[in-house]
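See structure below.
Just so we're clear, the structure is a prediction, and the values are computed from it rather than from any experiment. Protein chains get the first letters and strands the later ones, always in sequence-line order, with residue 1 at the start of each.
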Protein chains: 2
Amino acid sequence: MVPVNSLGSTVVPIHDEEEGSSIAKKKPSPLSFLSSLLQKIGVEDPRKVVHCIKVGFALVLVSLLYLLQPLYDKFGDNAMWAIMTVVVVFEFSAGATLSKGLNRGMGTILGGGLGCLSALLARSVGGNGKAIAIAISVFIFGMAATYFRLVPSVKKKFEYGIVIFILTFNLVAVSGFRGEEIIKLAKDRLLTITIGFSISLFTSLLIFPVWAGDELHRSLKSKFDNVASSIEECLKEYFKLIDVEKTGTQSSGDLDRYKSVLHSKSSDESLANFARWEPWHGRFGFSYPWNKYLHVGEFLRELAASMIQLKACLPSHRQSPQCIRSTIKEPCEAMAVLICSALKELGDTIFNMRKCQRRESIVAELKMARQELNSTISTWKLGTLGNQTSSIRDELSMASFVFMLMEMVDKVEMLAKEVQELGELAGFISQ
Amino acid sequence: MVPVNSLGSTVVPIHDEEEGSSIAKKKPSPLSFLSSLLQKIGVEDPRKVVHCIKVGFALVLVSLLYLLQPLYDKFGDNAMWAIMTVVVVFEFSAGATLSKGLNRGMGTILGGGLGCLSALLARSVGGNGKAIAIAISVFIFGMAATYFRLVPSVKKKFEYGIVIFILTFNLVAVSGFRGEEIIKLAKDRLLTITIGFSISLFTSLLIFPVWAGDELHRSLKSKFDNVASSIEECLKEYFKLIDVEKTGTQSSGDLDRYKSVLHSKSSDESLANFARWEPWHGRFGFSYPWNKYLHVGEFLRELAASMIQLKACLPSHRQSPQCIRSTIKEPCEAMAVLICSALKELGDTIFNMRKCQRRESIVAELKMARQELNSTISTWKLGTLGNQTSSIRDELSMASFVFMLMEMVDKVEMLAKEVQELGELAGFISQ
């Protein structure tokens, strides 16, 4: 059941429900060991189960603030804020947990500080003016913070922090109005929030951590594989009728694997966003070039978009005559094989974090294949190709098919350059 | 500054920062009146300012629970939950506010109920077993709820509800352990949460409401316009060198307007998700076919993906000889004009919610244009087109360009069918 890759090490396939793709993870981490154990007893996605157990564990830990008398004596009902922090801050990946926790911390400190200030100022007004001063400050700060919340670039990284800012500011300002000891109140809440955050952090980062960076790293590799499989399958479909006429074999789902790549932009961006918060782990340092991952992803999405057009040329769409198609079968297939192997090689390069030594030979091979294809089709004459048996549109479709393949070669060449740059930025080792 | 549309009514352009597109909104609603007022004094996006004012207003309203003595006597510190609800639940659109509020309500009721039950059961155990029983229930419920939270389909609609469920369950269960009157506690909190929700709902739905449904409706129209503009601009670019050689005019940003369509899937889905929660407003009823909007959007995204390939054929990419291009200039331009006008007409049809009367004539016109293009290019012979001045690749590029246009015609035909179906489902009026 557990596949073994070409290097002989065990890999654990992890099903990513969001993108519908199947990605492979290398062995060494303790999480993968637990994962394979869970898989053996039939659990489909072990990482999720592990995450759930971790959340349950963190919740029990934080509940001890209520359940153990000495702790309750110290914190009292403020322990509530610790529970709240764990529930809200604990996310699937370590980066997301860190990002939310730090947002919560910053929002609380800023909101609490300004709330105290407002309350003290309002107190100095005194009388009925006090309530009015509080109301005005609540209105102005609430409005201003909400405006920031709507700015897209701020929203992406700090939305949660701003929500917590508004909340804390309001609570502290109005509690201050009530004459409670706001400094002590703010201090206690901050302390319990810190406890909650520490418990989340401890559980998320130290017990079988799931890194957003790892996730992005793997998903980039799986994008390469998905696009390559789609191209392979598309070529197979295109020339199928020639080889196995009327066998009517259903095309496998591989043909549509490019679709998961097509809509990966937003999930990539949020993963990169979280990955930036993550501390040094494995071979990912603090200044790891996650942005370059997004660039490479963009190229892969363009390739995936080309797949839509390549698919449009499939015989099932237009009944292009086989006799003509057979003339381009060999050079096209040779080209597709090169494209796919180049894609897979580039994906592996990134996944294994090794410098791509073969970039120049890849480019040279692709150039040669293109020339071969060029010379084959230079003998075509539109309108006469199929002895008048084919419509002009069928021929345009074929020309498009070839053109698209050539365009893909260009893109793969650019991709090879990008991957090389990534290797330099990220310090891939040369093997 | 304020543009006037063909019907003579004032439209308020609203800049959608998220998608980088400019969309127009018809007049009648009070929001647009306020919007145009705000725009006159130089506010770029009036809706956002209105939203911020609404949030500030709601915060002041809910703060009255603290600020007014009689209200504080009744609710005490539980008023905190009302403030929390307003801060967290109040979102930009009415649908999002409703969805979050109902999620919060359901999560609280369910979590509170089960929390009470767990606390009571634990009490019946007594002794040291009590704490252990609470800890076990916290662990099990936290784990199970987190697992549900990770299921993609549940996550989309109910993630926030589940977070609130875990939170409330934990708080109630551990408070119950402390021997507090948990039934009263749960009741008070539910009451204050209801107050907070009511204030949010009142402010969000009754004061210049922003409907997610309206947003989706407008964004669909703007998608049609964006794709049409891109196609127009691409054709202009393609044949530009023929008309205005060496004038070197920079291409306008219109060429790239398709990009905002390309990545609109997730924002469309969340808008549709919120729109479903929204009550009857304007001409959008409860069972309005928002799903069909997503289908139409999918077609438009495919068209936008075709644009990537169409753009790849631009002369700036490959120096295809003008003398050949000029042979297809007229039929291609005629076809593009038809495609663009069809797209704009379909977009208007949806925007104005009127039945598309011209579907058949649109389809007939497109067919005719395609035949004309067919007959023009049937005289081509690859490899001989440009008296050997052009490489085979340039010719393939031209063939692809024509093929892509023809493919677009197919897609527009299907789109016309989809729009007709939408009109039937949504009860568009025939004019």
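- Within a 6.0 Å radius of CG in Asn128(A), other residues, nucleotides and ligands contribute 12 heavy atoms or fewer.
- Within 6.0 Å of atom CD in Glu372(A), 12 or fewer heavy atoms from other residues, nucleotides or ligands are found, so the atom counts as exposed in its surroundings.
- In this structure, chain B has heavy atoms under 4.5 Å from both the backbone and the side chain of Leu67(A).
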Requested in this report: Decide yes or no on side-chain contact (heavy atoms from CB on, under 4.5 Å) for Val261(B) and Met307(B), but give the supporting numbers first.
Outcome: CA-CA 11 Å; Val261(B) 180; Met307(B) 266 302 302; over 6 Å; no
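- Contacts between Phe90(A) and chain B at a heavy-atom distance below 4.5 Å involve the backbone alone (N, CA, C, O).
- Taking the six-membered ring where the residue is Trp, Tyr72(A) and Tyr66(A) present tilted rings, their angle falling between 30° and 60°.
- Contact tally against chain B (heavy-atom pairs below 4.5 Å) for Ala79(A), Ala173(A), Ser306(A): the top residue is Ser306(A).
- Atom CE in Met406(A) sits 5.5 Å away from atom CG in Leu396(B) (nearest 0.5 Å).
- Heavy atoms closer than 4.5 Å to chain B are found in the side chain of Val55(A), but not in its backbone.
- Of the listed residues (Val163(B), Leu64(B), Asn170(B), Leu68(B)), the greatest number of heavy-atom pairs within a distance under 4.5 Å of chain A belongs to Asn170(B).
- Of the listed residues (Gln309(B), Glu302(B), Met404(B)), the one with the most heavy-atom contacts under 4.5 Å to chain A is Gln309(B).
- For chain A, the nearby part of Ile308(B) is the side chain; its heavy atoms alone come within less than 4.5 Å.
- The closest side-chain heavy-atom distance from Ile328(A) to Met398(A) is below 4.5 Å.
- In this structure, Phe75(A) places its CZ atom where more than 12 heavy-atom neighbours from other residues, nucleotides or ligands lie under 6.0 Å away.
- Contact tally against chain A (heavy-atom pairs below 4.5 Å) for Leu262(B), Ile166(B), Val138(B): the top residue is Val138(B).
- Considering only heavy-atom pairs separated by less than 4.5 Å from chain B, the leading option among Ser266(A), Gly56(A), Cys52(A), Gly142(A) is Cys52(A).
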